[in-house]
Each structure stands twice: as C-alpha cells, then as structure tokens.
Student: 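This structure is in structure tokens; I'll ask about it shortly.
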There are 2 protein chains.
Amino acid sequence: MGEQQGRRSAPTLHDVAREAGVSLATASRSLNGSARRVKDEYRARVLEAAARLNYAPNLSAQAVARGRTNAIGIIVSDITDPYFAGVAGGVFRAAESAGLVATIAVSGRDAAKEAQLVGALRGQKPRGLVLVGSRVADAAVTRRLERQLAEFAEDGGRVALVSQQGLAFDTVSFENRAGARELATRLAELGYRRFCVLAGPETLVTATERTEGFLAGIADAGLPADAARVVRGAFTRDGGYAAAGDALEHGERPELIFAANDVMAVGAMARLRDEGLEPGADVAVAGFDDIATLRDVTPGLTTVRLPLDQGGVAAVDLILTGDGASPTALTLPGHVVLRASTPPRL
Amino acid sequence: MGEQQGRRSAPTLHDVAREAGVSLATASRSLNGSARRVKDEYRARVLEAAARLNYAPNLSAQAVARGRTNAIGIIVSDITDPYFAGVAGGVFRAAESAGLVATIAVSGRDAAKEAQLVGALRGQKPRGLVLVGSRVADAAVTRRLERQLAEFAEDGGRVALVSQQGLAFDTVSFENRAGARELATRLAELGYRRFCVLAGPETLVTATERTEGFLAGIADAGLPADAARVVRGAFTRDGGYAAAGDALEHGERPELIFAANDVMAVGAMARLRDEGLEPGADVAVAGFDDIATLRDVTPGLTTVRLPLDQGGVAAVDLILTGDGASPTALTLPGHVVLRASTPPRL
DNA sequence: GTGAAAGCGCTAACAG
DNA sequence: CTGTTAGCGCTTTCAC
C-alpha cells in the first residue's frame, strides 16, 4: 500500500474556502478564533468543508502572517536523566494546556553547545525558551550563552531558566542550599559525625550549592570543619560509583556518604556493595532530588525531595505571564525525606 | 535589567542585504547553501553583515517558501517513563545529527489523544512523525489514528512507529515475544516451576506480546499450562505494586514473578517487601527493558535488555531514507540478562 | 554571475 | 458581516 507515496499536496485554506463557497477571509475567520463573527451558516459550511478535506492549517504560514508562533523551546542536557525528564515533563504539560507546542533540543551536557542551540532555536521564533539545568561556572561560555539569550529577548522572546540562577532572566530554582543544609542538620541529629560528600563537578552550580549547603548544616550542628571530606565526580551514576571509591580509599571510613544527587547516590551504593559493604548498615547514604524511579531502591534512599515537575510548569508560567520588566526569581522548596539508608545512629 | 523588553524586532534577510549592499536574492543565496554560486566578495560581505546583526533566519518563513521544514515530530506517552525517555533520547540524537529539530508532544498514555496530537503536529508540516509505544488494541481508536497518519503520509510526510506494529507504516519493534520466551526458557533452566506473570493491560500490544512470549517459553520447557498464572495491572510502578499483591493473594505462592516491564518489577519488589518477603530469596523477580536507571536496584533485576536508544535512531533513519514504497519493518533484538533477583533454584 | 518579482499559505487592515 | 488586497520573511524562477 503506497500509503506514504506523498503525491497529493496538503489541502490549503484556499481549497477549504472554494469547497465551502466563501472567501478566503471568511474561511480564515471561521476556522481560527478571530475577533470578528461569521454568520453561522457560513461558519458551518467552512467547518464541514475543512473536516471533509481533513484540513490542517499550516502553522508556519500562520506564524509568518501573524508575526508570532505558538511554539516554546526547551533545552536540556540529557532527557534520559530523570532529573531533566522530570522538569521537561512539567514543561510539556504546561505548554500543552496553554495550547503551545514544545520543541526540544538536547545539549548532551555540553555547555558550549547550549549557546549554539539557543541560536538555532531562535529561528523558530518561539514565544519563549526554557533552559534547564547544568549551568556551568565558566565565564566565557556563560557570556556566549547570555549574548544569545539577550538577543532573543530583545527580539521579543521570553526566557526562563530552571535551576540556573545568575543570569538576568526569569529564573526558577530549587532550594539546593537550604535543602542540603536541612538534610545535614537532620543527619547530625540522627547521630552521624563523619561524612563524605560526593560533590559533582565544581563547575556545576547546582552541585556546588548542595555541597556548600550540606557543609553549612554540619557547621550548624557544631561539628568541626573536618567532619566532612569532599570528593568530586561526574554528576552521573558512574560518577557516583567512582567517587564513592575515592571516599573509601583514604583515611577513616565515613559514617555517611552524601551524594549531590540521587543518581550519584545509587552509583555510590553500588560501589559500596562491590567493596563488600552494606549501604545503610556499614555506611549510610543520602542523595538529593527524590527521583521517582528510584523511590524503591533498597535500602530506601534518604534524600531531599524536589518538585521537578512544578519547576517546569512554573517556567512556562513565567514565559506566558511575565511582563519582562525585571527578572523574576522563583524558588521552589525542597523537603528532607528520611529513609532506611540513614538509620539513626546510636 | 530590561533585557526582556522586546521593542526591537528581529533583523530580517532584508536588513542583512541592505547592510551588505546586495540584493535580497544574493543574500539568500550566500546564507543558505543554494545551488548557485555567489561571488566570494559578496558572499563574505553578506556573512559579515549577518554576523554583525546576529541574524537568525526565520524558519517559518523558510518553511513556507520552500514548502518543507526541517522538523521532525515525536509523540510519546510519558517522557518521565524511562522507557520512552530512552527511545526519545535516540530520536533527538539522530535528529540533531541530521540537522533536524525535534518537536515533542506527550499523550499522557491516552490513546485517543494520540490521534489528536498527530492532527496538531501535521500543521507543523514536519518531515516525519515518530510515534512511540503503547499502541492500544482498540479498533476505533486505532482507525482514527490510522486515518490521521494516512492523511499525513499522503501529504508527503513520513511516519515511523516504534514498538507499535500492525499499522501500514515503517515500524521498528523490539523482540518482545522472543525475548520473553528466551527469558522463560532460561528461568526454567534455573529450576523455576511456578510462575506468576504481571501482564499489564491487555489492550497494550507490547505487554501482551511479552506475556505470550513468556508463556510460550514455559510451554517450551515442557511445563504444564497451569505453571503460570497471569494477573493484570497498569504498566507502571504502582501497577506492579498492586498486581504483585494479587499474585500473592490467591493459591500457592509463586516461585517467580515476571513483570512485563522493569518499572512494574520494581513495584512488585516493593510489594514483596511490604508483605514481609525478600525478593530474590522468597520470591524471584524478573522484568523487561533493562532500564539504565534501575540497573543498581538490589537484588540486581533479571530482565531482557532492549536497545531503546537504537530504536529511536532507527526510526529517524527510516524517516530520512525510506522511499515510502512499502512499509519497512525493523526488529531490534532483546538479550536476557540474568542477575541476582533470580538465583538458581536447586 | 546578479537582481526584480512572483509566489508559499495565511492574516489583518481596509472597503463595502 | 463579507470579500479584496496588501503584506509576513523567505526562496526561486526568470530576465539581464
């Protein structure tokens, strides 16, 4: 069946108008919610003709004629990372319920590429652009990105950043610092005294904030600065696996390993087991994010729950409602969730 | 500051041409790889002007003028489900390296909505549409979807379905049946004799195939038909949790629970624990997909590894290279991975 | 080689 | 309320 032959060219508004015996303008007005009203009979004829021809309006043409689109662009590092998927899910949901289509681009954790992608997406003339995550603390790269975004904004586009504070655009961030601090406090209350932080790359603002917050919490508890050692690793499962190895290698074994995200924490657990240690019993483990897919790992992972989905929704909200006058900053709270991976220590 | 004011309107090709002192046509020809050659001096001037103005071509206008786009549409049920995220990741990667932008829409596991989304995406006039997953065995819904897709194809668009065989379009599917069958065979070899299958909804073709394959494998092993009981549940973590409860409720306790996907399997493990049973020890558990994020659960989950990412890549490939003459069907293999959740039974 | 001009499909004044 | 028409930004014949 040559279903995919593609000879015929798609019906246009012109075809619909002719078929309905009305003018182009009338057809346009009845099909797309114009301010002006159309006689019911005509409108009905047009609708019927459109349905019969299975007409689908050419969005590109509409965009050109109207001078604006119903698209929204979103840039994430890696859609298979549940953190990004969570936020992206919120963006899609919000976009759809606002009648927008979402175009996505993946930067593959390559910060330089982000700027390039913004350039590419600008061509779509989307209503707004949402950038999620992994902002890098590299000045040159940041400036390139900022330039592209500013250009986009000057042309009337709106920008919303998720968990990348510091740029002069609307931002929704999560309580990384406060969440990690609270987590450290609670863990200290449980009796933990010797920590190791798997910190993620230091160029990653999110990772850095979580580390700093955790250390602050330890200080709050009146523990000495050397109560926590910091080791670094990639913000991935394998990064956690490797970093956990480093954590065990030198000096005294930590009572608790805090990984800067859940995915790393799971990697760390795997490493502990490979080293013959029992996570939760021999070494406690905590993460950050409360990724849904990982809520059933054993022992249950103590973590800080973040409303990722809401972050995505909020970003779309800012794009749609923001006046662009001065950048709005929205912070979404994190909540400590204690589970079996950090049992009370007597 | 007022970065987001949006007074100025974006520079157009017109501006670039004027700035470079050449005609619109020449500007167009030098910027976009036209067949015709442009004198190097002019071309250089145009490029320079474009860079200076930070010109970004209006993709919609190009689409209208050219009559085609560089977009590709993708429809998934739920981007936060790692199965879909895996396939989508492959689609994005392949699309990008082919110079296409990907537009995504999420159906929220609502089959009827899929057809509606195809209608919406048609307006983008994308080069192709990729539909991933959860094809439903409901004739009316399927026909509506098929109608929309046929319409799209007749207008010159290309369609690729991932894991939704049965429609007259290019399809890439995974070896659900064979994989599950092989899994059952291997489990029987390990000494298991009494199974319970958590089958997912019976309207879901993927789930059904896995169930049937598993039962076939059991028959292969010479076991009686009543060696496996089938219970149903949603294709989600909670579905697995609930179904596992049913599995334990009636009759003799199964030696092994096979969940039709990993996410359900994890839910089943959680339920076992809540019932005071130890997964792997008291009741073995197996899944399907080998979701990366779940590779570190304990005990390690026996499953069938699927090359999800490759499925996405292949779909884009079919869209780009297919001639549309007759639907191509591509099948990607699954590989059984035995882990600690199904220890040999003596 | 280059430029003028005719569209692409649609919207939005503008007259009737 | 309806139809005519001039664009939207870009590509692409078609003359030069």
Side-chain angles (χ1 to χ4, degrees), chain A residues 8-47 49-50 53-71 122-127 155-157, chain B residues 8-47 49-50 53-71 120 122-126 155-157:
Chain A
R8 185 189 78 180
S9 75
T12 74
L13 187 58
H14 204 98
D15 300 326
V16 175
R18 187 164 31 68
E19 189 81 4
V22 300
S23 78
L24 246 182
T26 301
S28 172
R29 293 198 268 255
S30 359
L31 250 18
N32 323 322
S34 164
R36 320 189 47 163
R37 278 248 314 237
V38 174
K39 196 161 117 192
D40 282 357
E41 186 200 331
Y42 285 175
R43 161 188 235 83
R45 283 224 305 261
V46 171
L47 262 38
L53 297 179
N54 213 306
Y55 167 75
N58 184 322
L59 264 29
S60 296
Q62 285 190 190
V64 175
R66 289 183 173 144
R68 66 193 155 70
T69 64
N70 280 316
R122 273 180 60 207
Q124 293 258 30
K125 310 287 176 204
R127 290 266 276 277
D155 297 347
Chain B
R8 185 189 77 179
S9 74
T12 74
L13 187 57
H14 202 99
D15 301 326
V16 175
R18 187 164 32 66
E19 189 81 4
V22 300
S23 79
L24 212 68
T26 301
S28 172
R29 292 198 268 255
S30 4
L31 249 18
N32 324 323
S34 165
R36 318 188 48 160
R37 280 247 314 236
V38 174
K39 197 159 119 192
D40 281 359
E41 186 201 331
Y42 285 176
R43 161 188 234 83
R45 284 225 304 262
V46 171
L47 262 37
L53 297 179
N54 213 305
Y55 168 73
N58 184 321
L59 265 29
S60 295
Q62 284 189 327
V64 175
R66 290 183 173 145
R68 67 194 153 69
T69 66
N70 281 318
R122 274 179 59 206
Q124 294 258 30
K125 310 285 176 208
D155 298 347

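Lettering of chains follows the sequences in order, A, B, ..., and the numbering in each one begins at 1. Computed over heavy atoms, backbone and side chain alike; hydrogens, waters and symmetry mates excluded.
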Student: For the pair made of CD in A/Q124 and C1' in D/dG9, what is the distance, rounded to whole Å?
Tutor: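 Those two atoms, CD and C1', are 15 Å apart.
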
Student: Can you tell me if A/T26 touches the phosphate of D/dT2, counting only side-chain N or O atoms and a distance under 4.0 Å to OP1 or OP2?
Tutor: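 Answer no for this pair, as no side-chain N or O of A/T26 is under 4.0 Å from OP1 or OP2.
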
Student: In terms of side-chain geometry, is the basic nitrogen of A/R43 or A/D40 positioned less than 4.0 Å from the acidic oxygen of its partner?
Tutor: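 Salt bridge absent between A/R43 and A/D40.
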
Student: Give the minimum heavy-atom separation between A/V22 and A/Y42, together with the two atoms involved.
Tutor: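 It is CG1-CG, 4.2 Å.
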
Student: I need the minimum non-hydrogen distance between B/P11 and B/D15, along with the two atoms involved.
Tutor: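 Answer, listing the atom of B/P11 first, then B/D15: CA-OD2, 3.2 Å.
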
Student: Return the minimal non-hydrogen interatomic distance between B/R45 and B/A20, and the atom names on each side.
Tutor: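 For B/R45 and B/A20, the tightest heavy-atom pair comes out as NE-O, 2.9 Å.
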
Student: What is the per-nucleotide protein-contact pattern of nucleotides 10-16 of chain D, from the 5' end, where B denotes a base atom under 4.0 Å from a protein heavy atom, S denotes such proximity for sugar-phosphate atoms only, and - denotes neither?
Tutor: BSBBBB-

Student: Can you see which heavy atom on B/L31 is nearest to which on B/V16, and at what distance?
Tutor: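 Closest approach of B/L31 to B/V16, heavy atoms only: CD2-CG1, 4.4 Å.
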
